[in-house]
*Asks:* 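Below are the structure tokens for one structure; questions will follow.
Numbers here are sequence positions counted from 1. Note that the structure is predicted; figures quoted are calculated from it, not measured.
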Amino acid sequence: MFKYIIKRIFIFLPTIFIISLLTFMLSVSVPGDPVEQMLSSNTESGSVQNALASEQAYIKKRQELGLDLPVFYFSISNEATPKDLHLIPKKFHRNNLSRLIAQYGNWTLIDKYYQSIKQLEFATLETKRDSANGDAIIAIKDNIYQLYINDNNNVIQSSISKIQNQTKKDSSLLAINKALLTVKNNYQELRDNPTPIKYKTPTIHWYGTQCQYHQWITKFMKGDFGISYKDGRPVKSVLLDAVRWTVILSIISIILTYLISIPLGVVSAAKKGSKTDQTISTILFLLYSLPSFWVATLLIMFFGGGDFLNWFPAYGVGQIESGMSFMEKFGIRAYHLVLPLICYTYGSLAYISRQMRGAMVDTLSQDYIRTARAKGLNQRTILWKHAFKNSLLPIITLFASVFPLAVSGAIVLEIIFSIPGMGKLAYDALVARNYPIVYSVVMFSAILTLVGFLVADILYALVDPRISYNKK
């Protein structure tokens, strides 16, 4: 058994590596700029000093998040793309530069064109704004933004023409016109001197361990899951606050589910085809067919202070005051979790009890059960001593899904009952595009799924000695 566990753990490692790789690639491929999401200031407005200060803040935050590093250990690229393109701070700028590289392949002239756009932006910011040129400067800034993000020739030419028309309206905009002329000339030079062969020549850039993935996975293994984009808190702290509620609800719900559904499944199998079996099956299928969000709404309406009874709190987990005893705290928590636990539990009863019933029916038809009956053993002994243990394998298989559920939680129920668990946290993180939290939840779910399979395999061997892993 010990050798088998070690072997399975070694098999888990490449699986975890592939999952972490997919998770990380998703995190770097999602739309939006996490740095701009974290910075509340507008980096595109104000004077030159404000713009430079904002850019420095942007670069500093980007370095703190490790986004100034290459994505992976190596990249398969082309001769036209520079090895250090990732050092361009703005994500939208990098994307546009990559498209220009694909079109023209001449990085030297592309970089010259890009730098001239930045000089044009600084010239615009340095221009003193007054009532006469205010609208023109705003229009020029909008068109400079288009130059930063567009590689289409028509859009670029149109933006240059619009800026040129604005600069003709006021003599205070002459400095902008001069910088614009440089942009125009550099762009034309780029169009006249393409080197597409460089873009078609493949090359490999090696970065070593100084890359985002290596930093991310090593920190993850040390328990550092990054920073929440929403409030700047460590993701580890946010997860710990949420996971306890989901784990508490999941574990209590699982215990209740197994305690209720297993006896029901055994009784149904023992009385197969009887009215008892039919009644149990009907009630369980009826419960299974009811959507949990609908049942949660009914429970709140009927028992949570709606139009009928006000027996239980409908929202939250209760307020704990300082100085309360353990039993007082326990009472408040239990009082608030009654309705959520009912919703967590009822839906699983039918599924697990039917699995238990099917396994028991199959076991009760075996020869050794008939032999036990021929020996005169009573029904209770046959059911619980001889048949029950050999019918647990399907139930153990279901147990493998317990661990990921403990992390991901029931998103809908946690939202309806305002429970600050993992499900609600994951939903809020998705809405807010708080990806470090989302991907940490994904990673933990994957890891705990593998742990669940390992635990299920161990339980198989404990329940059924015929299953031996030593020879595998």
*Asks:* Find out whether Thr108 and Lys112 are in side-chain contact, i.e. whether some heavy atom of one side chain is under 4.5 Å from a heavy atom of the other.
*Replies:* no
*Asks:* Quick one: do the Asn186 and Tyr114 side chains pair a donor with an acceptor below 3.5 Å?
*Replies:* no
*Asks:* Check Asn153, Asp192, Thr182 against Tyr187 for a side-chain hydrogen bond (donor to acceptor under 3.5 Å, both in side chains) and give me the one that passes.
*Replies:* Asn153
*Asks:* Test your reading of the model: is there a side-chain donor-acceptor pair from Tyr346 to the backbone of Ser292, 3.5 Å cut-off?
*Replies:* yes
*Asks:* Is it true that a side-chain atom of Arg333 and a backbone atom of Gly318 form a donor plus acceptor pair closer than 3.5 Å?
*Replies:* yes
*Asks:* For residues Leu284 and Ser353, report the shortest heavy-atom separation together with the two atoms involved.
*Replies:* CD1-OG, 2.9 Å
*Asks:* Classify the angle between the aromatic ring planes of Trp206 and Phe74 as parallel (below 30°), tilted (30 to 60°) or perpendicular (above 60°).
*Replies:* parallel
*Asks:* Going by the ring-ring contact (aromatic ring centres under 6.0 Å, His included) test, which pairs reach into residues 223-247, not counting sequence neighbours?
*Replies:* Phe220-Phe225, Phe225-Phe444
*Asks:* Donor-acceptor pair, distance only, cut-off 3.5 Å: does the side chain of Tyr213 make one with the backbone of Ser20?
*Replies:* no
*Asks:* Any donor-acceptor pair under 3.5 Å linking the side chain of Asn193 with the backbone of Glu189?
*Replies:* yes
*Asks:* Compute whether any side-chain donor of one residue and acceptor of the other, for Glu121 and Tyr148, lie under 3.5 angstrom apart.
*Replies:* yes
*Asks:* Do Thr124 and Ile163 touch side chain to side chain, with heavy atoms closer than 4.5 Å?
*Replies:* no
*Asks:* Between Thr345 (side chain only) and Ile342 (backbone N and O only), is there a donor and an acceptor less than 3.5 Å apart?
*Replies:* no
*Asks:* Which atom pair, heavy atoms only, marks the closest approach of Thr257 to Ile352?
*Replies:* CG2-CD1, 3.5 Å
*Asks:* Among Asn152, Asp151, Asn150, which one satisfies side-chain hydrogen bond (donor to acceptor under 3.5 Å, both in side chains) with Arg99?
*Replies:* Asp151
*Asks:* Do you know the tightest heavy-atom contact between Arg94 and Leu85?
*Replies:* CD-O, 3.4 Å
*Asks:* Does any non-hydrogen side-chain atom of His86 lie less than 4.5 Å from one of Gln212?
*Replies:* no
